[in-house]
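Residue numbers start at 1 and run along the sequence shown. Just so you know, these numbers use all the heavy atoms, side chains as well, and skip hydrogens, waters and symmetry mates.
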Amino acid sequence: MDEEALTRALKDTPISAMRALAETGSTNDIALQWIDAGAEDLSLVIADRQTQGRGRLNHTWVTEPDASLAFSLILKPTAVEAAAPSALFAPMCGLAVATALEKRYSLYPQIKWPNDVLLERQKCCGILVEAAWSGSQLAGIVLGIGINIQAGALPAGTTTRFPATWIEKYTRQSVDRFELLAEVLKQLAAWRGQIGSDLFFREWERRLAFRGEIIRVEESEKSSIIGTEYGVDSTGALLVQSPDGIQHRIEVGDVHLSPTQA
Ligand code: BTN
């Protein structure tokens with residue numbers, strides 16, 4: 001990890017402390033341990049390679065040096081933030097990544113509920129938000145973000161559960177991952193101030209992928225809902241209307257493009 005270049009790129013961002021690692025299991029795990037050890041708000045963990053990168057719903061996440069950007073940002077939520085629906089922190093990250101990609105590279109990313117960032121209906125960024133508790137007190141929140149910069153970021157030899165892509169495929173210029181990180185951190189600071197606001201929901205719904213389309217949401221291995229996606233509610237749940245007219249609020253699940261797609 002080129003720490004000098006990293007520090008230079010982050011000079012105008014609101015980071016309070018940083019751990020930059022060549023290799024680790026999972027940056028989220030390091031961040032969770034750091035919260036136990038007294039990390040401050042806006043402490044950052046970044047790694048070139050993750051050997052045990054974790055995704056949502058127990059999936060794994062591959063991180064390769066140079067091809068991927070993988071980091072975890074620690075938030076020590078204010079009382080107001082702690083009172084916001086916890087399900088809004090992951091889409092907050094999705095909004096930050098999407099707006100950063102738009103601002104820096106003039107791309108127009110969409111957000112697959114709840115938080116995957118898509119370019120042309122393929123996933124370029126995954127987000128895993130985890131909370132650390134001290135008894136019944138929320139001790140901190142870890143925002144884990146993985147972005148595919150180059151083709152080498154995609155898992156070799158395996159097919160992903162949802163079609164995946166990488167950013168440089170669309171930018172037609174090389175992407176400096178530390179500059180992208182700096183922009184995402186600035187956007188995170190901005191969206192943090194908007195969590196749960198009208199603007200937050202307006203922008204999320206504007207970018208919501210597959211709105212008005214028929215999707216299948218896998219709630220668990222055994223249960224799926226098929227229907228038309230029509231929005232999100234104020235707790236961050238996905239709203240889907242099935243063909244029998246029933247409206248479903250879905251709190252946890254994996255969205256697939258069509259009823260038959262695996
Ligand atoms: C997903 O799409 O399922 C979420 C993937 C989240 C990956 C990021 S990379 C940085 C952080 N560390 C992890 O172990 N996971 C997250």
Side-chain angles (χ1 to χ4, degrees), residues 14 41-42 56-57 73 75-104 106-131 138 140-147 162 183-219 225-242 245-257:
D41 189 42
L42 297 175
R56 286 177 67 241
L57 310 173
L73 184 69
L75 299 188
K76 302 282 286 184
T78 61
V80 172
E81 287 170 345
S86 57
L88 298 185
F89 285 92
M92 174 185 84
C93 298
L95 282 170
V97 173
T99 46
L101 291 174
E102 183 162 359
K103 186 154 179 226
R104 277 265 158 185
S106 306
L107 301 174
Y108 184 70
Q110 287 193 301
I111 299 174
K112 172 166 109 51
W113 182 86
N115 53 232
D116 290 343
V117 181
L118 309 186
L119 287 169
E120 303 205 356
R121 297 164 77 90
Q122 300 190 318
K123 176 167 169 175
C124 65
C125 164
I127 290 157
L128 178 66
V129 172
E130 296 181 296
L138 180 63
I141 296 179
V142 174
L143 311 178
I145 300 182
I147 303 180
F162 187 84
E183 190 59 49
V184 172
L185 293 171
K186 287 179 198 164
Q187 295 295 331
L188 271 171
W191 283 110
R192 184 178 185 181
Q194 289 289 341
I195 196 158
S197 70
D198 286 351
L199 175 69
F200 182 96
F201 284 105
R202 232 184 6 256
E203 184 63 11
W204 186 11
E205 286 205 323
R206 195 169 72 84
R207 290 192 186 267
L208 194 62
F210 319 130
R211 207 166 161 208
E213 294 183 38
I214 297 182
I215 54 163
R216 176 171 64 85
V217 192
E218 217 175 273
E219 290 187 292
I225 289 177
I226 294 172
T228 307
E229 177 183 290
Y230 66 95
V232 290
D233 75 9
S234 60
T235 66
L238 184 68
L239 303 173
V240 173
Q241 177 160 332
S242 47
I246 295 178
Q247 300 190 335
H248 303 264
R249 271 189 75 249
I250 300 166
E251 289 183 354
V252 179
D254 220 6
V255 171
H256 297 263
L257 282 176

So which pairs with a foot in residues 84-94 pass salt bridge (charged side-chain N to carboxylate O under 4.0 Å, His left out), sequence neighbours left out?
-> none
Begin from the C-alpha positions of Gln110 and Phe210 and carry the test side chain to side chain contact (heavy atoms under 4.5 Å, CB included) through to its verdict.
-> CA-CA 9 Å; Gln110 287 193 301; Phe210 319 130; 5.8 Å; no
Where [X] and [Y] come nearest, the two heavy atoms and their spacing:
X: Arg211; Y: Gly231; value: NE-CA, 4.4 Å
X: Gly94; Y: Ile111; value: C-CD1, 3.6 Å
X: Asp41; Y: Lys76; value: OD1-N, 2.8 Å
X: Glu229; Y: Ala209; value: OE2-O, 2.6 Å

Check against side chain to side chain contact (heavy atoms under 4.5 Å, CB included), Leu42 and Arg192 | CA-CA 11 Å; Leu42 297 175; Arg192 184 178 185 181; 3.8 Å; yes
Evaluation steps, side chain to side chain contact (heavy atoms under 4.5 Å, CB included), between Leu238 and Ile215 | CA-CA 11 Å; Leu238 184 68; Ile215 54 163; 4.0 Å; yes
Could you pull out all residues at least two apart from Gln247 that satisfy side chain to side chain donor-acceptor pair (under 3.5 Å)?
-> Tyr230, Gln241
State, yes or no, whether a side-chain contact exists between [X] and [Y] at a heavy-atom distance under 4.5 Å.
X: Leu239; Y: Arg249; result: yes
X: Lys186; Y: Thr99; result: no
X: Gln187; Y: Leu95; result: no

Under 3.5 Å, which donor-acceptor pairs link side chains of residues 85-93 to any protein atom two or more places apart or in another chain?
none

Evaluation steps, side chain to side chain contact (heavy atoms under 4.5 Å, CB included), between Val252 and Leu57 | CA-CA 9 Å; Val252 179; Leu57 310 173; 4.0 Å; yes
